Amino acid sequence: MAKKGSLLSFRPDIKVVDATIRDGGLVNDFHFSDEFVKKLYEANLKAGVDYMEFGYKASKDIFDESEFGPWKFCDEDAIRRIVGDNDTDMKIAVMADVGRCDYKRDIINRADSAIDLVRIATYINTMPGAINMAEYCHNLGYETTINIMAISNATGAEIDEALELIGNSPADGVYIVDSYGALYMEEIEELAEKYLNMAEKYGKFVGIHAHNNQQLAFANTIAALTNGVSYLDATINGMGRGAGNCSTEQLLGFLKNPKYDLIPLLKFMENYMEPMKAEGVTWGYNIPYLLTGQMNRHPRSAISATAQKRTDYLRFLLELDDKS
């Protein structure tokens, strides 16, 4: 597949999706203040960000409200406290996990909601449920994507079948999701070609959501966009589960579209991200995350090791080996 664009050009099809509250919420159980979220919303608006993802539509029958902040559930009134009617060019997104969202109860008609895009998170083995959710949300008037998680653990045949199902669904787009931060640029390029071939056939777009276990989230995002992927997930200062994500400040610095402005995000980081880190909220690359990424493992063991401030890296590696 031919490269798309160059270092001196910008692509009008590119959309930057801020996932700070949603993926970053996995670090602090979504306990962001309204002030934090409001200031991020305002900074994203000034920066020219295309979509802001507020969090999950998680089921309150599964998750205890007392244990999480409001962005685990993204009730309509919580979002409207921040955006009102969102009379702006930036669209509002939420994520809904297959099997963890009571979508027929908690997702209302688009005409009555501040939300524009519902991103459906699924594994390969729950694809039928994802298709049902995409159809339901599409019929309510939402834009939809299907985000295939942990794609580094799926076989080529499984991916091909999943993409064909998505192609025949009403979903507007599909995401490459490197959940474990295990993929390299060459693998991202191969996946991008596979996904984009389906997308071109069925008139859909492709996005990427990268994790930074091997410090490749930015590089993998650039590799994907250069090959034609257009929806790019990023988070402020890379805040996200475990090793975090492609950082918005890196991404906007790379993109040549003059609509994007880094300055509002730098001010937000100074005033809100640095104090949060000073209070002990932790994310970002370290050796345990590197090792789980290299071994294509879920980062839960690295998250635990980081919380314990472990530096016995060889023992940690041997423990990973013992679990294989």
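Every value quoted in this text rests on a predicted model; they were computed, and no experiment measured them.
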Enter the distance from S152:OG to L183:CG here, rounded to the nearest 0.5 Å. 5.0 Å

By side-chain hydrogen bond (donor to acceptor under 3.5 Å, both in side chains), which residues pair with D29, not counting sequence neighbours? none

Criterion ring-ring contact (aromatic ring centres under 6.0 Å, His included) on Y231 and Y51, from CA distance to verdict: CA-CA 10 Å; Y231 277 56; Y51 288 80; 5.6 Å; yes

E161: which residues meet the salt bridge (charged side-chain N to carboxylate O under 4.0 Å, His left out) condition with it, sequence neighbours left out? none

Considering all heavy atoms, the nearest C101-I107 contact: SG-CD1, 4.4 Å

Among V83, I21, I79, which residue meets the side chain to side chain contact (heavy atoms under 4.5 Å, CB included) test with V37? I21

Does any pair with a residue in residues 218-228 pass salt bridge (Lys or Arg N to Asp or Glu O under 4.0 Å), and if so which ones, sequence neighbours excluded? none

For residues 262-275, the salt bridge (Lys or Arg N to Asp or Glu O under 4.0 Å) pairs (sequence neighbours left out) are E274-K277

The ring pair (Phe, Tyr, Trp, His ring centres under 6.0 Å) partners of F268 (sequence neighbours excluded) come to F36, Y272

Got Y41 and D18 here, is their nearest side-chain heavy-atom distance under 4.5 Å? no

Apply the hydrophobic cluster definition, ILVMFWY joined by side-chain contacts under 4.5 Å directly or through others, and give me every member besides Y289. I303

Starting from L216, walk the hydrophobic network (Ile, Leu, Val, Met, Phe, Trp, Tyr; side-chain heavy atoms closer than 4.5 Å) and list everyone else you reach, by chain and number. Y184

Checking D87 now: which residues fulfil side-chain hydrogen bond (donor to acceptor under 3.5 Å, both in side chains) with it, not counting sequence neighbours? none

Answer yes or no: is there an ion pair linking E35 with K38, defined by an N-O contact shorter than 4.0 Å? no

Suppose the criterion is salt bridge (Lys or Arg N to Asp or Glu O under 4.0 Å): which pairs have a residue in residues 223-242, not counting sequence neighbours? R119-D233

Apply ring pair (Phe, Tyr, Trp, His ring centres under 6.0 Å) to Y195 and list each qualifying residue two or more places apart in sequence or on a separate chain. none

For N109, enumerate each residue passing the side-chain contact (heavy atoms from CB on, under 4.5 Å) test, keeping only those at least two apart in sequence or located in another chain. D112, L140

Within 45° cone and under 6.0 Å: K256 NZ/CZ vs F254 ring: yes

From T235, T221, D23, T145, residue fulfilling side chain to side chain donor-acceptor pair (under 3.5 Å) relative to H209: D23

If you look only at pairs with a residue in residues 138-151, which of them pass as a salt bridge (Lys or Arg N to Asp or Glu O under 4.0 Å), with sequence neighbours excluded? K91-E143

Please confirm whether K60 makes a cation-pi placement over F73, using NZ or CZ under 6.0 Å from the six-membered ring centre and within 45° of the ring normal. yes

